[in-house]
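Worth saying up front: this structure is predicted, and the values here are computed from it rather than measured. The sequence lines fix the lettering, A, B, ..., with proteins before strands; numbering per chain opens at 1.
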Amino acid sequence: MRFSQAFIPTLKEKPAEAEIPSHTLMIRSGMLRKLGSGIYSYLPLAKKVINYIETIVREELDDKGCQEILMPVLHPRELWEMSGRWAVYGPELMRLTDRHDREFALGPTHEEVITLIAKYDIKSYKKLPINLYQIQTKFRDEIRPRFGVMRSREFIMKDAYSFDKDKAGLQKSYDDMYDAYSRIFARCGLKSVAVEADVGAIGGSSSHEFMVLAETGESEVLHCECGYAATSENAKIAPFDDHSSEDMKELAKIHTPDRKSVEEVSAYLGVLPEKLIKTIVYKADDGFVAILIRGDREINNVKLANFLQCLNLEFATEQEIENIVKSVAGFVGPVGKKKIKIYADENLKSAKNMVTGADELDYHYKNVNLERDAHIDKWVDLVQAVEGDLCPKCGKPMTSFRGIEVGQIFQLGDKYSTSMEATYDAEDGTAIPYQMGCYGIGITRTMAAAIEQFHDKDGIIWPISISPYEVELINLSPAEEDITSFCDNVYEMLQDVFIDVLYDDRDEKAGFKFKDADLIGIPIHIIVGKKNFENEMVEIKIRKTGEKITCAFDDIVEKVEQLIDDLYEEIDKNVE
RNA sequence: CGGGAUGUAGCGCAGCCCGGUAGCGCGCUUCGUUCGGGACGAAGAAGUCGCCGGUUCAAAUCCGGCCAUCCCGACCA
């Protein structure tokens, strides 16, 4: 492609709306333009990257025997009522009404549609297992779209659905997808890691998220050298140090005037925050509960919501604490008989001689020993894991990094097949619900994640496997006829050997073209300037390292082919 | 939805407090010079000042309402 003909509207200045590198760079490099909040047009460079990512996805999935289909974006309300998700999916489901007042959703995911397809047309065990996928625009009415394509309301996603006869089959399909995903992200040139994940609203049992490592990632991942890795919201931990060796002391009420927070009480009494127990009252779906957590730690809301099996979870108000719990905000505690259920983080089980609220204004208890002084309805893992916590598998301290979630795989089991009465006929003729799995990859998010992982102050540094072009040929002297006709020639020769090349033939200053080339981030630049030209040489620059090599005219094609091979080899060695 | 901000030329912004009919930089068009890290000169095109209403002789500017966009928090590929 000649740059002079290409639609690549680059920008010198940073756009006001962009916060993170991928967003800024996609706009500046002429890949992306905004239409509305969380709604974007993909210009030619972006579309090429998307195509390359999709090609890798298709190749790897097809290799596992998956088959591509295309399902509708528009879903009738009745379909979502079959699974019960019209009600539970919540405001994130983009809903609309047609001229006859019929209600529809714009599909955020396609479990319902695919299950219906299977229900009608995959009736025999002989047809199983089967895995169907699509690459489709998805809609999610995000509370707050941000970071450009990273969290948008409309995005391109690959979603696959597996159907198996039994759990063992599902496990096999799941393992295949796990393997395919690892290969896909590696082939995209990305450093990624699979972590244990929360199943969230989709439901089901086992799940992994694939995270691309990047400082700007929205998720914190805890991992251990033994291989354990999980998002911080989902991470389990080995119990922290206990105090079981202490003797239980006598319970005592102490005056703590106007000291409510952990910091205040801990400073006033001269004890460490870890000797305090916070008692937090929540309003859950079916009533109020009190949760106990060590003073220096936080409650993990995902764990709590999962444990309580509830959709809405909020703090009780001061009024509710007074009226329902018969206590005082800031001084709530577990000692004595209570009207509501009390659940304690299991790490408190061995804690001795703790400080808690005394359910009375300006008073706390000291020397509280939960098993002696309180009634705990259940001990549960509720703590938010942090860096330094011990690995649940091997007990070593875990470290943390940030990541961008680019894919997630789930074992759904028979959740949808049962609710939608989708069954196959087994060998003995009985109707059995499919065992299903679902597997997503955010295509456009993967593109953004690649930029987050690979950029510098000058612009994007594309991994060659998903780069919009493999080579950028830069003519620094378009006014010189001999140089230009030479460049035209090189352009032809490269195309003849199927190298995808962007040819900067524009009548612009050298610096201008260099800046654009660095910004756009094509991995290999061939620079044709006057001085080198007179010596029958060109310069080849590697975008990633900045390394510049000179190359004789006759060797250009061979050298470039070799450099391309090297870059692919570097990627391939990380593909299992 | 709560908190904070912004809306003026394609992009980035000033002007608003103190009302008098719009300006700067980049980009764009033409010409000339320049030509290895976002050149210079000259000439030019381009804006219903987010929308609706109010106050006023007069509104980008003051007042009210609405809309949109962005940032911080709770959700997710």
Engineer: Round to the nearest Å and state the distance from A:Ile483 atom CD1 to B:rC35 atom C1'.
Structural biologist: 11 Å
Engineer: Return the nucleotide paired to B:rC11: Watson-Crick means purine N1 to pyrimidine N3 with N6-O4 or O6-N4, wobble means G-U with N1-O2 and O6-N3, both under 3.5 Å.
Structural biologist: B:rG25
Engineer: Which parts of nucleotides 36-45 of chain B does protein reach within less than 4.0 Å, heavy atoms only, written one letter per nucleotide 5' to 3' as B for base, S for sugar-phosphate only and - for none?
Structural biologist: BBBB------
Engineer: If I take atom OH in residue A:Tyr181 and atom P in nucleotide B:rA77, what distance separates them, rounded to the nearest angstrom?
Structural biologist: 11 Å
Engineer: To the nearest angstrom, how far is A:Leu190 atom CG from B:rA77 atom P?
Structural biologist: 18 Å
Engineer: Taking the side chain as every heavy atom from C-beta outward, state whether A:Ile443 and A:Gln136 have any atom pair closer than 4.5 Å.
Structural biologist: no
Engineer: Write down the distance separating the C1' atoms in B:rC28 and B:rG64, rounded off to the nearest Å.
Structural biologist: 40 Å
Engineer: Which part of the nucleic acid, if any, lies within contact of A:Lys34, taking any heavy atom under 4.0 Å across all strands shown: a base, the sugar-phosphate backbone alone, or nothing?
Structural biologist: sugar-phosphate
Engineer: Identify, between A:Gly38 and A:Asp507, the residue whose nearest nucleotide on RNA chain B lies closer to the 5' end.
Structural biologist: A:Asp507
Engineer: If only atom types and distance count, is the side chain of A:Tyr161 paired as donor or acceptor with the main-chain N or O of A:His110 below 3.5 Å?
Structural biologist: yes
Engineer: Determine the Euclidean distance between corresponding P atoms of B:rG4 and B:rC51; express it in Å to zero decimal places.
Structural biologist: 26 Å
Engineer: Under a 3.5 Å cut-off for both distances, is B:rC17 Watson-Crick or wobble paired, and to whom?
Structural biologist: none
Engineer: Which whole number of Å gives the distance between the P atom of B:rA46 and that of B:rU29?
Structural biologist: 16 Å
Engineer: Can you tell me how far C1' in B:rU61 sits from the matching atom in B:rC18, rounded to whole Å?
Structural biologist: 10 Å
Engineer: Let me know the distance between CG of A:Leu304 and P of B:rA74, rounded to the nearest Å.
Structural biologist: 15 Å
Engineer: Which one is paired to B:rG73, where only Watson-Crick or G-U wobble pairs with both distances under 3.5 angstrom count?
Structural biologist: B:rC1
Engineer: P atom, B:rC40 versus B:rG25: distance in rounded Å?
Structural biologist: 12 Å
Engineer: Map A:Pro15 and A:Ile143 onto RNA chain B by nearest heavy atom, then report which one ends up closer to the 5' terminus.
Structural biologist: A:Pro15
Engineer: For A:Ser152, answer base if it contacts any base atom (sugar-phosphate contacts may also be present), sugar-phosphate if it contacts only those atoms, and nothing otherwise; contact means non-hydrogen atoms under 4.0 Å.
Structural biologist: base
Engineer: Is there a Watson-Crick or G-U wobble partner for B:rC51 with both distances under 3.5 Å, and which nucleotide is it?
Structural biologist: B:rG65
Engineer: Could you work out which one of B:rC75, B:rC70, B:rA74 sits closest to the side chain of A:Arg144?
Structural biologist: B:rA74
Engineer: In whole Å, what is the span from the CD atom of A:Glu92 to the P atom of B:rA74?
Structural biologist: 14 Å
Engineer: Using atom P of each nucleotide, how far apart are B:rA74 and B:rG19 to the nearest Å?
Structural biologist: 44 Å
Engineer: C1' atom, B:rA59 versus B:rG50: distance in rounded Å?
Structural biologist: 16 Å
Engineer: With C1' as the reference atom in both, quote the distance from B:rA14 to B:rU56 in angstrom, rounded to an integer.
Structural biologist: 26 Å
Engineer: With no angle test and no hydrogens, is the base of B:rC76 tied to the side chain of A:Arg151 by a donor-acceptor pair under 3.5 Å?
Structural biologist: yes
Engineer: Please check this pair: side chain of A:Asp141 against backbone of A:Leu93, looking for a donor-acceptor N/O pair closer than 3.5 Å.
Structural biologist: no
Engineer: Look at the side chain of A:Glu13 and the base of B:rG27, then say whether one donor and one acceptor between them are separated by less than 3.5 Å.
Structural biologist: no
Engineer: What is the separation between atom CD on A:Glu142 and atom P on B:rC1, rounded to the nearest whole Å?
Structural biologist: 16 Å
Engineer: With a 4.0 Å limit, can you tell me whether A:Ser37 has a side-chain N or O closer than that to the phosphate oxygens OP1/OP2 of B:rA68?
Structural biologist: no
Engineer: Is the shortest side-chain N to carboxylate O distance from A:Glu60 to A:Lys64 below 4.0 Å?
Structural biologist: no
Engineer: What I want to find out is whether A:Glu68 reaches A:Arg58 closely enough, with some N-O distance under 4.0 Å, to be called a salt bridge.
Structural biologist: yes
Engineer: Can you tell me how far C1' of B:rG10 sits from CD1 of A:Ile27, to the nearest Å?
Structural biologist: 14 Å
Engineer: Mind telling me whether A:His223 and A:Phe401 have parallel, tilted or perpendicular rings, with 30° and 60° as the class edges?
Structural biologist: perpendicular
Engineer: Cationic tip of A:Arg95 within the cone over A:Trp80's six-membered ring, i.e. under 6.0 Å and within 45° of the normal?
Structural biologist: no
Engineer: Which base sits across from B:rA42 as a Watson-Crick or G-U pair, both distances under 3.5 Å?
Structural biologist: B:rU30
Engineer: If you compare all heavy atoms of A:Gln453 against all heavy atoms of A:Leu190, which two are closest, and at what distance to 0.1 Å?
Structural biologist: OE1-CA, 3.4 Å
Engineer: Under 4.0 Å between a Lys/Arg side-chain N and an Asp/Glu carboxylate O for A:Lys544 and A:Asp456?
Structural biologist: no
Engineer: Whole angstroms only, please: what is the NZ-P distance between A:Lys14 and B:rC70?
Structural biologist: 14 Å
